[in-house]
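A short worksheet on the structure shown next.
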Amino acid sequence: MIVAYGIANLLQSVAAARTTLHHTFDPGLLLRLASHRTYLVGLGCQVGGFVLAFLARRDLPLFLVQASVAAGLGVTAILGVLVLKWRLPTAEVALLVLLFAGITGLVLSAQPAPSRQLGTAGLAALAVALALIAVLGFFAVRLHGAPGSVALGSLAGLAFSAAAVAARPLASASTAEALVRDPLLYLLVAHSVVGQLLLGLAMQRGSTTAAVAAMDAAGAVPAAIVGLLLLGDRIWPGREWLAGLGFLATLAAVIGLTRYAEPQHHHEVARDRDRGMVPAGVPVRPRR
């Protein structure tokens, strides 16, 4: 799962760097991205990662699965070194070690258990959240620079977080028919599409680092809290401290890796523009 998301991040960022800038809440951005073969290959990897994450949510708590999804950026950084010849400074090596340690802590502290069901109130809350995120995104898209990146990235993270909350009980569906008939499936898809669009718009504003950091925080933290409070997510007794440290270490490492990766992304984009390959835009790291 982590490897699949890492490959998807790299391929989709290359395609998004070659896509013209959008200034409105326009789903056409996703269609423009889909015109790039590299993006479609990355999307295939992303779908594979999504399926693996969906299956993992059947028994594993959201704080582990969401942190693992975010940890795909570590794989992206390693692939950037191997494929795009990114530099790997000492600080980035330390962050990769911290990321591995954080995920290890979460794996050791997470207690597998099936999810509780959300019920009618939970379904209504997810539907209201979808409408609210879309409305806020319609206005936030007018922001530019770092404020726009943070606002849109945070909203994207909330959409992905809601999708993860919907996926946890949905993964327990006993048959394909029950899966298709469950309203959670359609809420999951809707939140994922809105989140993907918001993330693309966020990355086309001023700061890739700000957008990704906001998305990772807004995507991981709310889902982890909802999972523990409402969905029956469990931590092995006596290992609560390990789960907390592991979660914080993973999130800090992901945000740090984003900060180091951004200048190298921009260097590649600037070099391609000089060769006449890139019309406009900045790198994007689409997600789950």
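How far CG of Leu99 is from OG of Ser68: 9.0 Å, rounded to the nearest 0.5 Å. Expressed to the nearest 0.5 Å, how far OG of Ser109 lies from CZ of Phe63 amounts to 4.5 Å. The CG atom of Asp182 sits 7.0 Å away from the CG atom of Leu123 when rounded to the nearest 0.5 Å. To the nearest 0.5 Å, atoms CG (Leu179) and CZ (Phe54) are separated by 5.5 Å. Atoms CG and CG, from Leu55 and Leu60 in turn, are 10.5 Å apart once rounded to the nearest 0.5 Å.
For Ile225, the side-chain contact (heavy atoms from CB on, under 4.5 Å) test picks out Val221, Leu229, with sequence neighbours left out.
Residue pairs that meet the salt bridge (Lys or Arg N to Asp or Glu O under 4.0 Å) test with at least one member in residues 146-172, sequence neighbours left out, are Arg168-Asp233. Residue pairs meeting the salt bridge (Lys or Arg N to Asp or Glu O under 4.0 Å) criterion with at least one member in residues 238-251: none, sequence neighbours excluded.
For the pair Ala166 and Leu188, the tightest heavy-atom approach, listed with the atom from each and the gap, is CB-CB, 4.2 Å. What you find for Ala110 and Trp236 is that their closest heavy atoms are O-NE1, 3.0 Å. Shortest non-hydrogen contact noted between Ser172 and Arg58 is CA-NH1, 3.6 Å. Between Ala140 and Ala151, the shortest heavy-atom contact is CB-CB, 4.2 Å. Here the closest non-hydrogen pair linking Gln66 and Ala220 is CB-CA, 4.3 Å. Counting all heavy atoms, side chain and backbone alike, Gly148 lies closest to Leu143 at CA-CB, 3.6 Å.
No chain of hydrophobic side-chain contacts below 4.5 Å, direct or via other Ile, Leu, Val, Met, Phe, Trp or Tyr residues, connects Val97 to Phe100. Leu248 and Leu95 are members of different hydrophobic clusters when ILVMFWY side chains are connected at heavy-atom separations under 4.5 Å. Linking ILVMFWY residues whenever their side-chain heavy atoms come closer than 4.5 Å, directly or via other members, places Val107 and Leu228 in the same cluster.
Remark: the backbone N or O of Val180 is paired with a side-chain donor or acceptor of Tyr186 at under 3.5 angstrom. A donor-acceptor contact shorter than 3.5 Å links the side chain of His191 to the backbone of Leu126.
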Using a 3.5 Å cut-off and no angle test, enumerate the donor-acceptor pairs between side-chain atoms of residues 155-163 and protein atoms at least two apart in sequence or in another chain.
residue, atom, partner, partner atom, Å
Ser161, OG, Gly219, O, 3.4
Ser161, OG, Ala223, N, 2.9

Mind listing the side-chain donor-acceptor pairs of residues 111-118 below 3.5 Å, one per line with the distance, residues two or more places apart or on another chain?
none

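Applying the side-chain contact (heavy atoms from CB on, under 4.5 Å) test between Leu106 and each of Val65, Ile235, Leu64 identifies Leu64 as the sole match.
Using a 4.5 Å cut-off on side-chain heavy atoms (C-beta onward), Ile133 and Leu198 make contact.
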Practice task
Let me see the working for Val226 and Leu62 under side chain to side chain contact (heavy atoms under 4.5 Å, CB included), right down to the final yes or no.
Solution key: CA-CA 9 Å; Val226 172; Leu62 287 179; 5.6 Å; no
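Members clustered with Leu245: Leu108, Trp241, Leu242, by chain and number, using a 4.5 Å side-chain heavy-atom cutoff among hydrophobic residues.
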